[in-house]
Structures are given as structure tokens and as C-alpha cells.
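Below: the structure, in C-alpha cells.
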Amino acid sequence: MEKSAERTGDGMKERNEAVMERYELSMGRIREIKDEHTVPEEFEDYFQKTAEFIGMIEEVEKMDSSAALETLTLTQWQQLNERLYHDILPAQYEKSYANPAYAVEKLGSVHGGLLSFLYTEIRKMIPYVFEERLLEITILNELFIEIYNHFEQETLPSYREIQQILYWFVSDYSDLTVNYRVREAVDPSLNFATNLIVNSDFGDLRYLYRFGEYISENELDMARYMNELPQETIEKIAETFTEGYRRGFEITGKDLSIKKTVNIRFHLGFERVIRQAIKNFERLGLKPVIYRAEHRQTRIGYMGAIPNKQYDYDHKADEAIYLDKLLIDRKIGVLKTSYEEFKDLAAGMGGPAVMETFGEEIFVPVRKKEAFVLSEKQQKLSVLYDRESSTIVNQYIKGEQRSFTIIAFPVPEIGENFKEIFDEVIKINTLDSQKYTEIQQHIIDALDQGIQVHVRGVREKGNETELTIALKEMQDPAHETLFENCVADVNIPVGEVFTSPKLAGTDGVLHVTRVYLDGFQYRDLRVTFEEGKSVDYSCKNFEDEAENRKYILENILNYHDTLPLGEFAIGTNTTAYAAAKKYAMEEKLPILIAEKMGPHFAVGDTCYTWCEDTKVYNPNGKEIIARDNEISILRKEDVSKAYFGCHTDITIPYEELEILEVVRRDGTTIPIIENGKFVLEGTEELNEALESMKNEEKSK
């Protein structure tokens, strides 16, 4: 066997002699651990069960290398998939060492949390074994053995001893982990997933298990449904997806011809559409880059089912074990070096094309005292890393040269009306852009007359919003505009006008009775703004107000002390709103669709982040000048002060809206929405879906 790594159609195979020798030695030692009694009795079960899990990984590797996996029946594949993910599934999770509460109960407060984290790291072997990344498996084996050896000593290791082993593991191997993550984000030759999509027989559902992701009935049913659709429907969906991407470059005046790759992100089950999308992108001169989403709370990439959202939530702050300034500096250095190594590939990356899904069961997290939390110092370090890493990425994949598109579809888990809902969403995603362009221009013409927008909620329906949004001043109204006329290009479906508000003069309370953001539900979410920045916030998810504030700090503010109001928009897609009401799926819709169903407000960066200097024009030829606010403009002095790395949209549904009106300089107003209906001349057609919805409700 050659010393160098062997590249195959399934990805990078770490098959050199040195790695294989280390791999086999580590697996041999772990096989022995399964039957040993050399650690204190209370730790035996943990180490033996973890060793058994690693033994399962070795079993899969042997089956893969001998081609035995290809002989498995669908039922056998299902059984293997269930075995690999068994103990983190909800039914077993309460008594799994992956559960920090159980680990602390059984292993003690000193070691339980650390050993639970170790086990979650070892579970990364599942995707590694399917991608044949034996080096990563070997490194994890060696980490497990090293910690096991410390528990074999006469005296139990201290928290500090184990913490330091984990710390240096993360630090020492960041050269490998960060470098690989950078490369797989830009290099189309790492084509594990692409090959499965292009070459699989979708009629044989065994192909789904080759990805190494957890496969539930949701993914199987989705793939079956895709197989039922006529080819013209598949092509229509794919064309909407890829044409939106192409138009994203066109409408912003960016040169698509200099780009070589596109990053495709999707949920397993949609492979038939993705295969067609790959063909469409190839006609645009783009090769697919398709990498796996990391198994963590925020998943970016391709993914299967999430086995247990509580498991992800319990481990979302595990970096509290090792996060410090030294490690941040090292990871930033490795990130910079890695992007420099792959700078040509990075320059060719056009940006992401994302196919989201929705309809999964709503997740309400349980906060566990045993789970790790970031200290205030670590929170600031996390913010620092996000900011620094975003700056580096933008240096090599320049914002002013890249674009994106995003579209969403329901999954079978949404309910018995899935097929009907899917057809409705196709209709929503392919609405007449020209019609919406014309209607939305009426709204923009009114908005451009104002210095403020005033928004008030319907008190009788519990909405206590009272917010004034300040607007940028125009110098040349004949050629300038404040709001972008957004139809179905990068952000599918059609239906919004948006701006970057002026922060000075933006004040008041934003309140929604119930909203679902980035996978989390919020009840009675309230954010208070002064001079465009959040100064207070609350919700009623938990009895303890401190827990509610922490929930918002972690999941909306991303550990920032305050965030600006980066976007104000008016959603106009009343067709989507009516469909959401008809199928009672409002809470399950992704923000991509929900933001088109009423006025929405984004906390964090503006919509033009990293490309504010790129001129953008509406279809009528006017330049959209409100691309900056008082914070983002600081990039010209100190880029570290300009961006936050987050942008969370919060939508007020039409029915909770009493008034949305433009305020002119002389104090007169132009109502756009009153009592849940569009009242501005030229927008009457938007009410047809709302009236139809109300009539249907009355007839029931």
C-alpha cells in the first residue's frame, strides 16, 4: 500500500500504512477494554459500552471494505442504522451516557460531564466510517484509550487532568479538523455525497443509508414521494431552485462566469430533485460542493433526520470545556492558513443553494443543570471567533462576488395532508413574480415618502407591539429608493419589500405572542429597542425569568449584549398566509416563508452584510441606497465593529396587526395595512387570499 492517501470516487480514503497500523492497534486495544475490569466499578459500564460502540464502527468498516454492505437488504440496513443511533434516540436517551444528566448521575459531578462529552465526540465516528476517514477514527480511538488509562490508575484523575487531555486534543488536531472543514466547503473533488446522488438507483431506497445519517420514516417517505412525481414536476422544482440562484447574480450585477462551484445544502429524501439541480448548475458552469452538516444544534450542509433535538441542545455549549483565548487564536490561525492553501478554490465558490425543509414536530427544549454553559468570558470569546472567522471567510469568498438562493418544502411528518400541502407549496414557490413586482412597487412608492414607519399590534389579540422605524433620507428620489423589491430570486418564495433602517430614531417594543425561530419556539417574545438597539428582552417559555433571558441571549442574541435592528420588511405573500391558516401549520413554517406573511424585523446584521458597496437596483432602475446602518458603516474604520454574524427575523402575523403606516416629514400618514388588511391603493389584490381564507373559515 502506498504511503500517500488514495483518492477514490467515494471520497478521501486514509489508507496509508501508518494510519492503518495505528487504526488496527487502537481497535485491538479497544476490543480488550470491552472485557476488562481495570477501572473503578462505577466507571466500568461507561467504558465498556463506549468500547462496544467503537466495536460497532469497526464492524461497519470491515463490511464496507469487503463490500459486504452492498449485500444488506433494506431491513438489514434499517437495523444497522438503528443500532448506530440507538442510545441517543428519545426512547433510550434518558439512560444514555450521551445525556449529561444521566452521565453525572452515574459517573459523578467531577467526571460525568466530561465523559459525556467524550462519548459525543466518539459518536462522530459514524459519518467518518461511511466516508472512510480512518485517520479521524484513529485519533478518537487514541483519545478514548488515553482517558481510559488515566482511570486505570490507583487514584482517580482530577477534573483538571481530563479537561486538559480534551483541551489539547481539540487544540492539537485543529490543524486537521479545521483544514478539512475549509477544504470540503470549497473543493468539488471531495465528492462522497455527490457521487451517491449522481450514481444511486433511487428506486432502491437502500441508497439513503449509504450517507451515514440517521434515516427515519420521514426520509424514506420523502424519497418514495419524490419517486412518484412526474419528471416535469421534478424539473419545475429544480428549475425554480437553480434559476433563483442564477438571478441572484444577475440582479446584483455579479459575474457568475468567474465562479466554478456552488454549495448545495439539502435534507435527505430530495435526491431526485438535487440530481436534476446538479445538471442545471453544470449548464451554468458550476460543479457541486456538497458537504455533511456537523451533528450539532445549528446544522449547515446536507443532513438526514435529527435523532434527538434534546441531545443537540444538551451539548450545544460543550466548548465551555476547552474554550479560551489561546485556542481561539490557534483556530483562527489555522483557518487563515487553510483558506490561503485553498484560496483558488475559495475564489471559485459562488455561494450556497439551500433547500430547507419544514413540518417536523415542534421542539421545546428542556434546560439541564448538568449541561455545560459558557462563562461570560467564553461568551465574548465565542463572539470574537465568529467575527474573526467571518472576516477571514469573506476575504477568500468575497461577499461582493457571491450570491445564494434558498427555498423550502414540507416533509411527510407535517401530517396526513402532506401531498396536498406539498402541491400548495410548489404553487407558493412559483407565484407570478411580475405581478408581485408591480404590487410591491406601490408599497415602496409610499414608503419612500416617509421618514418613519409606525407599527402597532392589536391589543385585543394580545399583541403589544408599538414600534417606530426610522428611515434613511434620500438625496435624489428620482433615482434612489429605500426598499428592495424582493421577488422570487435568491429568497424564494416571492413577497417582501425590505430596508436597512436608520438606527437613530428607531424605538419601541416588538412583541409576538408566539413565534418559531431557528428551531425554537418562543411564547410572548418581547424585545425593546432604543436608538435601534435592543436594550431589554423577555419571553414566557420558562417560569424563571432569568432562564427566559438566558434562552434569548443564547439563541437570538448569540451571546451579544445588544443587537441592532438590521432589517425592517413588509411581507406580501398572503397566499402563503392563507395556506398556513388552512393547514394550521403557521408554527411549522420556516422563517423563509413566515417572513413573507407580515411585517418582519431582523435583529443582527443587515441583509447586505459584506456587500454594502455593491450597488443594487430595483426593476424600475432606482438604486437601493439603504444598504448600511450606523453600525455596519463602521467597517470602513474597523471591520470588527461592523458585523455580528447573526440575523434573526421575527414576523408579526397580519391578524395581530392594527396599523402599519408611513409617517411623512409633515406628520401626515399613509396607511399600508389596517386591521390585518392591505389598504394602500394598488395592493387590493393581496387581500383576495385573505378574504378567501376568512370565507372558508366561516363555511366550516
Side-chain angles (χ1 to χ4, degrees), residues 1-35 48-87 122-145 176 180 184 189-215 219-220 223 268 271 290-292 295 302 304:
M1 186 172 294
E2 293 182 358
K3 192 86 170 176
S4 60
E6 173 190 354
R7 188 188 304 267
T8 75
D10 292 330
M12 288 296 294
K13 289 187 174 182
E14 296 287 358
R15 293 291 188 179
N16 63 68
E17 292 180 358
V19 170
M20 283 303 299
E21 183 178 358
R22 283 173 61 188
Y23 172 82
E24 290 167 358
L25 282 172
S26 64
M27 282 297 183
R29 178 68 187 101
I30 289 168
R31 285 195 296 271
E32 296 171 351
I33 290 173
K34 288 189 289 186
D35 301 314
Q48 289 178 359
K49 282 185 175 176
T50 306
E52 287 173 4
F53 175 82
I54 297 173
M56 199 179 346
I57 296 298
E58 182 183 24
E59 174 189 338
V60 173
E61 194 281 327
K62 288 180 178 178
M63 294 175 70
D64 188 26
S65 60
S66 67
L69 283 178
E70 303 303 325
T71 68
L72 297 184
T73 65
L74 180 60
T75 299
Q76 289 172 325
W77 266 113
Q78 290 172 318
Q79 292 169 345
L80 174 60
N81 190 251
E82 201 278 339
R83 282 177 60 205
L84 289 169
Y85 289 94
H86 178 79
D87 75 320
I122 286 170
R123 291 195 61 81
K124 292 179 180 178
M125 291 183 183
I126 298 174
Y128 291 159
V129 75
F130 282 93
E131 293 184 27
E132 299 178 338
R133 292 166 61 182
L134 295 191
L135 177 58
E136 285 88 340
I137 294 174
T138 301
I139 290 167
L140 287 167
N141 280 350
E142 292 168 347
L143 172 66
F144 176 68
I145 293 168
L176 174 67
Y180 191 90
E184 69 177 355
S189 71
L190 295 181
N191 51 12
F192 169 77
T194 302
N195 278 340
L196 284 174
I197 294 165
V198 171
N199 298 319
S200 293
D201 173 6
F202 297 148
D204 181 353
L205 295 182
R206 292 181 300 171
Y207 82 88
L208 285 167
Y209 296 93
R210 292 291 322 189
F211 286 95
E213 293 288 293
Y214 179 59
I215 304 299
E219 289 69 41
L220 290 165
L268 295 186
E271 290 72 32
I290 308 177
Y291 56 80
R292 187 189 307 272
H295 290 186
Y302 78 84

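All values derive from a computational prediction rather than experimental measurement. Numbers for residues simply follow the sequence, beginning at 1.
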Could you grab the distance from atom [atom1] of [X] to atom [atom2] of [Y], nearest 0.5 Å is fine?
X    : Y    : atom1 : atom2 : answer
L25  : M27  : CG    : CE    : 12.0 Å
F192 : E184 : CZ    : CD    : 11.5 Å
F211 : N81  : CZ    : CG    : 12.5 Å
I33  : I145 : CD1   : CD1   : 5.5 Å
T138 : E21  : OG1   : CD    : 11.0 Å
L143 : I122 : CG    : CD1   : 6.5 Å

If you define the side chain from C-beta out and look only at heavy atoms, does anything of [X] sit under 4.5 Å from [Y]?
X    : Y    : value
T71  : M63  : no
I137 : E58  : no
L208 : L220 : yes
N191 : I290 : no
R210 : L69  : yes
L80  : Y209 : no
D64  : F130 : no
R123 : L140 : no

Excluding sequence neighbours, so at least two apart, what forms side-chain hydrogen bond (donor to acceptor under 3.5 Å, both in side chains) with [X]?
X    : value
S66  : none
Q76  : T73
K62  : none
S200 : none

I need the minimum non-hydrogen distance between R206 and L72, along with the two atoms involved.
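The pair with the smallest heavy-atom distance is NH1-O, 2.8 Å.
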Exercise: identify the closest heavy-atom pair between L205 and A223
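Smallest heavy-atom distance, with atoms named: CD2-CB, 3.7 Å.
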In terms of heavy-atom contacts, does CD of E82 have more than 12 from other residues, nucleotides or ligands at under 6.0 Å?
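More than 12 heavy atoms, drawn from other residues, nucleotides or ligands, come within 6.0 Å of this atom.
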I'd like to check the salt bridge (Lys or Arg N to Asp or Glu O under 4.0 Å) partners of [X]; sequence neighbours left out, ordered by chain and number.
X    : value
E219 : none
D201 : none
E59  : R83
R29  : E32, E36, E152

R31 side chain to A51 backbone, donor-acceptor under 3.5 Å
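Pair absent, no side-chain N/O of R31 close to backbone of A51.
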Salt bridge (charged side-chain N to carboxylate O under 4.0 Å, His left out): which pairs involve residues 191-200, sequence neighbours left out?
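Non-adjacent pairs meeting salt bridge (charged side-chain N to carboxylate O under 4.0 Å, His left out): zero.
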Start with the C-alpha gap between I57 and L84, add the side-chain angles, then the distance that decides, and say whether side chain to side chain contact (heavy atoms under 4.5 Å, CB included) holds.
CA-CA 8 Å; I57 296 298; L84 289 169; 4.2 Å; yes
Run the numbers on R22 and L134 for side chain to side chain contact (heavy atoms under 4.5 Å, CB included), then give the verdict.
CA-CA 10 Å; R22 283 173 61 188; L134 295 191; over 6 Å; no
Using 4.0 Å as the upper bound for N to carboxylate O, is an ion pair formed by R292 and E213?
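So E213 pairs with R292 through a salt bridge.
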Would you call E136-K124 a salt bridge at under 4.0 Å N-O?
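Result for this pair is no, no salt bridge flagged.
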Can you sort out the partners of [X] under ring pair (Phe, Tyr, Trp, His ring centres under 6.0 Å), two or more places apart, ordered by chain and number?
X    : result
Y207 : F202
Y214 : Y85
F53  : Y119

Check for me whether R133 meets the cation-pi criterion with Y180, that is, NZ or CZ under 6.0 Å from the six-membered ring centre and within 45 degrees of the ring axis.
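Positive - R133 is close enough to the ring of Y180 and near enough to its axis.
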